[in-house]
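Residue numbers start from 1 in every chain, and the chains themselves are labelled A, B, ... in the order their sequence lines are given, proteins ahead of strands. Computed from a predicted model, the values in this text were never measured in an experiment.
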Amino acid sequence: MWNSKHESMGREELTHLQQERLIALVEKLYSRVPFYKKRMDEKGVTPKDIKTITDIAKLPFTTKQDMREVYPYGLLATDINEIVEIHTSSGTTGKPVVGAYTRNDIELWSEVMARTLAMGETTKEDTVHNGYGYGLFTGGLGVHYGARKIGANLIPISGGNTKRQLMVMQDFKSTVLTCTPSYSLLMAEVAKEEGIDFDKLSLRVGLFGAEPWGEGMRREIEDKLKLKALDIYGLTEIIGPGVASECMQQNGLHIFEDVFYPEIIDPETGEVLPHGEKGELVITTLTREGTPVLRYRTRDITYLMPEQCACGRTIIRMHRLLGRTDDMLIIRGVNVFPSQIEEVLMKIEGTEPHYQIVVQRHGQLDSIEVQVEMTEKLFSDEIKDLSSTEKNIEAEIYSTLNVHSKVKLVEPKSIPRSEGKAKRVIDKRNIQGGRS
Amino acid sequence: MKIKQIAVFLENKKGRLAEVTRVLSEAGVNIRALSLADTADFGILRLIVNDTEKALAALKIKEFVAQVNEVIAVEIEDKPGGLSKILDVFEKENINIEYMYAFVEKHVDNAIVIFRTDEHQKMIDVLGKHKIGIVSNDVLKNL
């Protein structure tokens, strides 16, 4: 544990700390950020109304759209000269979201990333192979700062050039791998082609995040890369990576709730839900200085797990992401998350987690085609066998999701590989009013 | 005696079959017989070649999913009723044929037909019983 004081604090003491920090945050935002003052005024709430942590429910939410509208500096809560670093989201669907960091924010980020790396038992003896992209994207530098705080040997290799990644991994005996889960599988493929055996490498643990991935993909990664794969969670709007992470128990992600306060809400009504109930994750940055965020709606679906973890940390856990409120496909009235399709595929012997979902609308009816890559194990010289494989997968998808799909077997490597986030869904429907 | 066949998975899209033949041609492999079975989405190409190992290696380098299976090559009199006679035998002996296709070259005066069944040993026994010639790998190679 990197920071046992804050990671294994008593509940009462922690609540008290969160409360103090929330009260100070609300006062600051109300007086310094016109955007938040306006929102609070609209809701008829003032800083005086916030006395306990549960009063947070009185405060307005912040959405990605809000953050875009005030681009670039509308959420700044400090003098611009205090800012030492800027990060943004990719902005592929509009103006990017901006995170502005003061010196203290960078220190906070280093701290939570040191805690994250320490979840994988990273110490100064480790060599951290950082395959997250460097630049405006938060992944690369987040891991960088955390590893530096721990004093580990950090290899800032960034993404891409997979053959070189493997060479460096061999030569510098990397022990901790950080990259997106889909990129780790691409590494495994290239390693196979190059005749590199992961058993002979020194990798021990991998911290994977920045895109949704399921238990099936975890087994695949652990099996192919011969390491323990941990799920880490973060977002540019909050700080980048370092919001929550799995420990070696691999049973839920510990949220660093002394600094990032979590709530689960009903995405339709905005009502706060009790622990254990599934809903949208909302986070408030309790101590950020540059661009603090009040009740940010992450659009990620999960639930909170208040039971104490075997690792000794007392901070709350959230279940691995169950989906997104915006990635959620609604097919003939049924909610479908791409991660559920992945789970189904992983249950079928011989399939690999390379798939793509194509959604189409014929007349008024939506249909989904799930493209699955052919593998040596699935293949047969007889049409009837391959047709029955397709039918089996269709039946499994139906029994899990209650949605009819058409499964199409495609040639290996025909689904585009990604060095960053994998694109799982191609939605060919032209539906108006779709979010972002 | 069973002979080796290569089966290759092909997506139903332009140029895939041509790609297979190009790969084999570059590897110096000669195609002796082939059959293509297809559905709306995909096809399975089955090939008898002069060098199975070489062909398989060349296809795998190009990321094709391919596997080697065993099939039976049978000599059939090259005259009306030749195939029908053999199929009658299989029917009487209750042998189910998954698929079949014909060879391009002849052996002496006989045509050669490839059979795939789930009961290869039974088929071999039946062919022996009815004195129908089976073609060996060596004969095929030298055609």
Side-chain angles (χ1 to χ4, degrees), chain A residues 162-163 185-186 188-195 345 348-358 360 362 367-394 397 404-417 426, chain B residues 2-20 22-23 33-49 52 55-57 59-73 96-101 114-120:
Chain A
T162 311
K163 284 183 190 172
L185 284 179
L186 179 63
E189 271 178 21
V190 175
K192 200 176 160 200
E193 284 161 15
E194 298 287 299
L345 289 180
I348 292 163
E349 178 73 21
T351 56
E352 302 228 6
H354 299 302
Y355 65 94
Q356 203 158 42
I357 302 162
V358 181
Q360 274 172 318
H362 306 282
S367 68
I368 51 172
E369 177 179 273
V370 181
Q371 298 179 349
V372 181
E373 282 189 6
M374 176 52 80
T375 65
E376 301 277 332
K377 279 185 194 157
L378 288 180
F379 186 48
S380 157
D381 62 321
E382 294 181 30
I383 293 276
K384 65 170 188 197
D385 293 341
L386 298 190
S387 296
S388 87
T389 298
E390 288 185 334
K391 292 276 168 302
N392 275 347
I393 302 175
E394 284 167 6
I397 290 174
H404 287 290
S405 61
K406 158 97 182 70
V407 167
K408 181 180 178 186
L409 294 168
V410 298
E411 284 179 24
K413 305 272 171 92
S414 59
I415 291 169
R417 297 299 190 264
I426 297 176
Chain B
K2 296 168 224 170
I3 62 165
K4 291 194 184 317
Q5 161 196 277
I6 295 182
V8 188
F9 180 79
L10 293 179
E11 235 182 278
N12 262 2
K13 57 184 187 194
K14 221 166 128 187
R16 299 310 290 158
L17 184 57
E19 176 67 13
V20 173
R22 191 178 311 122
V23 168
L34 68 84
S35 114
L36 180 64
D38 66 318
T39 70
D41 297 339
F42 61 83
I44 302 171
L45 178 66
R46 298 124 182 183
L47 299 157
I48 308 285
V49 297
T52 307
L56 188 67
L59 288 168
K60 293 216 163 165
I61 287 172
K62 291 290 180 185
E63 314 264 10
F64 281 99
V65 171
Q67 62 177 221
V68 174
N69 318 101
E70 289 181 325
V71 290
I72 294 173
N96 189 31
I97 309 295
E98 296 297 341
Y99 57 82
M100 51 170 282
Y101 54 103
I114 306 290
F115 287 98
R116 170 77 155 92
T117 165
D118 287 338
E119 313 160 290
H120 278 147

Asker: Using 0.5 Å steps for rounding, measure from the CZ atom of B:F115 to the CD1 atom of B:I97.
Answerer: 5.5 Å
Asker: Can you confirm whether more than 12 heavy atoms, excluding those of A:K408, are under 6.0 Å from its NZ atom?
Answerer: yes
Asker: Is B:L10 close to chain A through its backbone or its side chain, or both, or neither, when contacts mean heavy atoms under 4.5 Å?
Answerer: both
Asker: Salt bridge (Lys or Arg N to Asp or Glu O under 4.0 Å) between B:R22 and B:E19: does it pass, once the steps are laid out?
Answerer: CA-CA 5 Å; B:R22 191 178 311 122; B:E19 176 67 13; 2.4 Å; yes
Asker: Dump the intermediate steps for side chain to side chain donor-acceptor pair (under 3.5 Å) on B:N69 and B:Q67, then the final yes or no.
Answerer: CA-CA 7 Å; B:N69 318 101; B:Q67 62 177 221; 3.1 Å; yes
Asker: Between B:A66 and chain A, which part of the residue has a heavy atom less than 4.5 Å away: side chain, backbone, both or neither?
Answerer: backbone
Asker: Quick one: do A:E376 and B:K60 make a salt bridge, cutoff under 4.0 Å?
Answerer: yes
Asker: Counting only non-hydrogen atoms closer than 4.5 Å, does A:T375 touch chain B with its backbone (N, CA, C, O), its side chain (CB onward), both, or neither?
Answerer: backbone
Asker: Would you mind checking which part of B:E98 comes under 4.5 Å of any heavy atom in chain A, side chain (CB onward), backbone (N, CA, C, O), both or neither?
Answerer: side chain
Asker: Rounded to the nearest 0.5 Å, how far does CZ of B:F42 lie from CZ of A:F379?
Answerer: 9.0 Å
Asker: Flag the one option from B:K13, B:R16, B:Q5 with the top tally of heavy-atom pairs under 4.5 Å to chain A.
Answerer: B:R16
Asker: Does any heavy atom of chain B fall under 4.5 Å from the side chain of A:K406, the backbone, both, or neither of them?
Answerer: side chain
Asker: Kindly determine whether B:R116 and A:E382 satisfy salt bridge (Lys or Arg N to Asp or Glu O under 4.0 Å), including the steps that lead there.
Answerer: CA-CA 9 Å; B:R116 170 77 155 92; A:E382 294 181 30; 3.3 Å; yes
Asker: Below 4.5 Å from any heavy atom of chain B, which atoms of A:E373 appear? Answer side chain, backbone, both or neither.
Answerer: neither
Asker: Under a 4.5 Å heavy-atom cut-off, does chain B meet the side chain of A:L378, its backbone, both or neither?
Answerer: neither
Asker: If I measure from the heavy atoms of chain A, does B:F9 come under 4.5 Å with its side chain, its backbone, both, or neither?
Answerer: both
Asker: Measure distances from B:D38 to the heavy atoms of chain A and classify the residue's part below 4.5 Å as side chain, backbone, both or neither.
Answerer: backbone
Asker: For A:K413, is it the side chain, the backbone, both, or neither that has a heavy atom closer than 4.5 Å to a heavy atom of chain B?
Answerer: side chain
